[in-house]
There are 2 protein chains.
Amino acid sequence: MSTPALALPRIARVTLNEKAYEGLKQALLAGRLEPGSTLTLRQLAEQLGTSMMPVREAITRLSAEQALAVLPNRGIVVPELSDDDAGDIWELRIKLEGEACARAARHADPAQARHIGQLAAAVESAARRADLHGVLAGNSDFQFAIYELAASPVMLQLIEILRMRSVPHCTAAIRVLLAERPPYYARSWANHAAIVAAIANGEPSGARRAKQRDLREFRAFVNEVRRRPR
Amino acid sequence: MSTPALALPRIARVTLNEKAYEGLKQALLAGRLEPGSTLTLRQLAEQLGTSMMPVREAITRLSAEQALAVLPNRGIVVPELSDDDAGDIWELRIKLEGEACARAARHADPAQARHIGQLAAAVESAARRADLHGVLAGNSDFQFAIYELAASPVMLQLIEILRMRSVPHCTAAIRVLLAERPPYYARSWANHAAIVAAIANGEPSGARRAKQRDLREFRAFVNEVRRRPR
DNA sequence: TATAGTTAGCTGTGATCACAGATGTCAATC
DNA sequence: GATTGACATCTGTGATCACAGCTAACTATA
C-alpha cells in the first residue's frame with residue numbers, strides 16, 4: 001500500500017455511440033421529433049461528424065425500445081402509435097409516474113422542492129409566450145427533476161422508455177394547447193401546482209393523486225385533439 | 001385497384017443482430033448466465049457463425065438495458081447487482097408482475113388457465129428431479145405465459161428488462177433451493193398454485209396478491225442465501 | 001528471491017467498403 | 001393517354017480492417 005489514495009476522479013469513458021444515443025433520446029423526450037419524421041443513418045452521421053457506425057448502434061437501441069422504427073432499406077421513422085399501444089402506454093405512465101411522484105414527495109428536502117417549483121414556473125412562462133419548444137423542453141425538465149428525486153434509477157429508466165414513445169404522440173396536442181388555450185390549459189397549471197405543493201409538504205399519496213389526475217386529463221385532451229378531423 | 005387483396009402474410013425480416021439479441025436475452029431470462037460470467041464479441045460471433053457486427057449491436061442493446069456490462073478492452077460481463085439496485089428492481093418487479101397477473105386473471109379463458117396450470121406442474125416436476133436448468137427454463141415459461149395473457153406488450157417489455165437483470169442475481173439461490181429444500185421450497189409451490197387458481201377463477205386482485213406474496217417470499221430467500229458466508 | 005519495467009496478445013470501438021432490397025423516375029408500349 | 005417495365009439511386013445490413021487501451025506474462029534488475 002504505497003499510494004496514499006489520491007481518490008482521482010474516475011475517467012468517464014463515453015463512446016460516440018452513447019453520445020449519439022443520448023442526443024436522440026433527448027430529442028425524443030423534449031418533443032423535437034414528431035411521428036412520421038424520417039431520418040437516415042448517413043444524414044445523422046454527417047450531422048454528428050462521425051461515421052455511420054456509432055449512429056447505427058444508437059438507432060439499433062432506440063428501435064429495440066420502439067422509440068424509432070427502422071424501415072428496411074427505406075430509412076428510419078418516428079413511429080405513430082396505434083390506439084392499443086397508446087392506451088397501454090398511458091396506463092403504465094400513470095402507474096409509474098404516479099409512483100415516482102409519491103417517492104419524490106417522500107424524499108425531497110425544502111431546497112429541492114423549491115427548485116421543482118421554479119421549473120414549473122418556467123413552463124408556465126414559456127406557455128404564456130406560446131413558445132412550443134420552450135414548453136416541451138421545460139416540461140421535460142420539470143418532470144424529470146421530480147423523477148430524479150424519486151431516487152430509483154431503474155424506475156427512471158422505465159419512465160424514459162415509456163416517454164420516448166409517448167411524447168411524440170402528444171406534441172401535436174400541445175401545439176393546439178398553446179394556440180387555442182382550451183379548458184385544459186388552466187387545469188394543467190393547477191395540477192402542476194398541486195404536485196409541487198404535495199412534494200413540498202411531503203405528502204406522497206397527494207403527489208401521486210395529483211400527478212395521476214394531471215396525466216388522465218392530459219390523455220383526455222390528447223385523445224380529443226386526435227379525434228378531430230384534419 | 002387491380003389486385004384482389006391477397007392478404008399475403010407479411011414477410012418477417014429478421015436481421016442477424018436481432019437473432020443474436022434474442023438468443024442472449026433468452027439465455028439471461030432462463031438463468032443460463034450467472035453474474036461474473038464473461039463473454040467476448042469474437043467468441044460469440046464464432047459461436048453464431050457470423051461476423052462481430054451483429055453481435056456487437058446485440059451487446060450494445062443489452063448493455064444499454066444494463067443486462068450486460070461492457071468492460072472497455074476487457075470483454076463483456078454479466079453484472080453483479082448492488083444492494084440498492086437489487087432492492088429497486090425487486091420493488092418494481094412486485095409492482096409490475098403483480099399487475100400483470102391481475103390482468104391475466106381478467107382476460108384468461110378456461111383453456112388458457114389450464115395451460116398455465118400445466119406449466120406450473122412442469123416446474124414442480126423439474127424441481128423434484130433437482131434439474132436446475134429445467135426449473136429455470138420452466139419457471140421462465142410459466143411466468144411469461146401469464147404475462148402474455150395480460151395482453152399488454154409494453155408491460156411485457158418492461159418486465160423483460162427487469163427480469164434480465166434480476167434472474168442472474170437469483171440463480172445461486174435457486175441452486176441452494178434445489179439442493180437443500182428449505183422452508184421456502186414448499187411455500188413456493190403453494191404460491192404458484194394460488195396464482196393458477198386465481199387466474200382460473202378470474203380473480204384479479206387474488207392473482208396480484210398471490211404473485212406479490214410469492215415474489216416477496218422469494219426475495220427474502222434470495223437475500224438470506226446471499227447473506228451466507230461463502 | 002523480490003520487484004519494477006517491458007512487451008506481446010488480447011479486447012471493444014470506429015471507419016470503410018460491398019451488397020441486396022426498396023422506391024420513384026422515365027421511356028416504351030398498347 | 002394510361003399502364004407497364006427497366007433502371008438509377010438511395011437505404012440499412014454485414015464484413016473487414018486499423019487502432020488504442022488494458023492485462024498478464026515475462027525479463028532484467030537489484
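Proteins get letters first, then strands, A, B, ... in listed order; numbering begins at 1 in each. Predicted model, so just to flag it, every value in this text is computed and none were measured.
- Between B:Lys19 atom NZ and D:dT13 atom P there is a gap of 14 Å when expressed in whole angstrom units.
- Picking from C:dA15, D:dG12, C:dT13 the nucleotide with the shortest atom distance to the side chain of B:Leu41 gives C:dT13.
- Across the protein-nucleic acid pair, A:Ile76 atom CD1 and C:dA22 atom P stand 17 Å apart, rounded to whole Å.
- Between the CD atom of A:Glu57 and the C1' atom of C:dA15 there is a distance of 12 Å, given to the nearest Å.
- Taking a cutoff of 4.0 Å between a charged side-chain nitrogen and a carboxylate oxygen, A:Glu22 and A:Lys25 qualify as a salt bridge.
- The pair B:Lys95-B:Glu99 does not meet the salt-bridge criterion, since no charged nitrogen lies less than 4.0 angstrom from a carboxylate oxygen.
- DNA chain C is contacted by both A:Pro72 and B:Leu71; B:Leu71 maps to the nucleotide lying nearer its 5′ end (nearest heavy atom per residue).
- Counting to the nearest Å, the C1' atom of D:dC17 and the CE atom of B:Met53 are 12 Å from each other.
- Residues A:Arg42 and A:Glu46 are not paired through a salt bridge, judged by the lack of any N-O separation under 4.0 Å between the basic side chain and the carboxylate.
- Of the candidates D:dT11, C:dT13, D:dG14, D:dG14 carries the atom nearest the A:Arg56 side chain, counting heavy atoms from C-beta on.
- Residues B:Glu57 and B:Arg61 are not paired through a salt bridge, judged by the lack of any N-O separation under 4.0 Å between the basic side chain and the carboxylate.
- Salt bridge A:Glu34/A:Arg175: present, at least one basic N to carboxylate O contact under 4.0 Å.
- One interatomic measurement links the two molecules: CD of A:Glu46 to P of D:dG12, which rounds to 14 Å at whole-angstrom precision.
- For the OP1/OP2 pair of C:dT23 and a distance below 4.0 Å, the side-chain nitrogens and oxygens of A:Arg74 include at least one atom meeting the criterion.
- With DNA chain C read from its 5' end, the first of the two nearest nucleotides for A:Thr15 and A:Arg42 is the one closest to A:Thr15.
- No contact: A:Ile59 has no heavy atom under 4.0 Å from any strand.
- Phosphate proximity of C:dT16 to A:Ser51: absent, as no side-chain N or O sits under 4.0 Å from OP1 or OP2.
- OP1 or OP2 of D:dG14 has at least one side-chain nitrogen or oxygen of B:Asn17 nearer than 4.0 Å.
- A:Met52 has its CE atom 8 Å from the C1' atom of D:dT13, to the nearest Å.
- Taking only side-chain atoms of A:Val70, from C-beta outward, the nucleotide of D:dT11, D:dT13, C:dG14 with the closest atom is D:dT13.
- Minimum atom distance to the side chain of B:Asn73 is reached by D:dG21, of the listed D:dG12, C:dG14, D:dG21.
- Atom CG of B:Leu16 and atom P of C:dC19 are 17 Å apart (whole Å).
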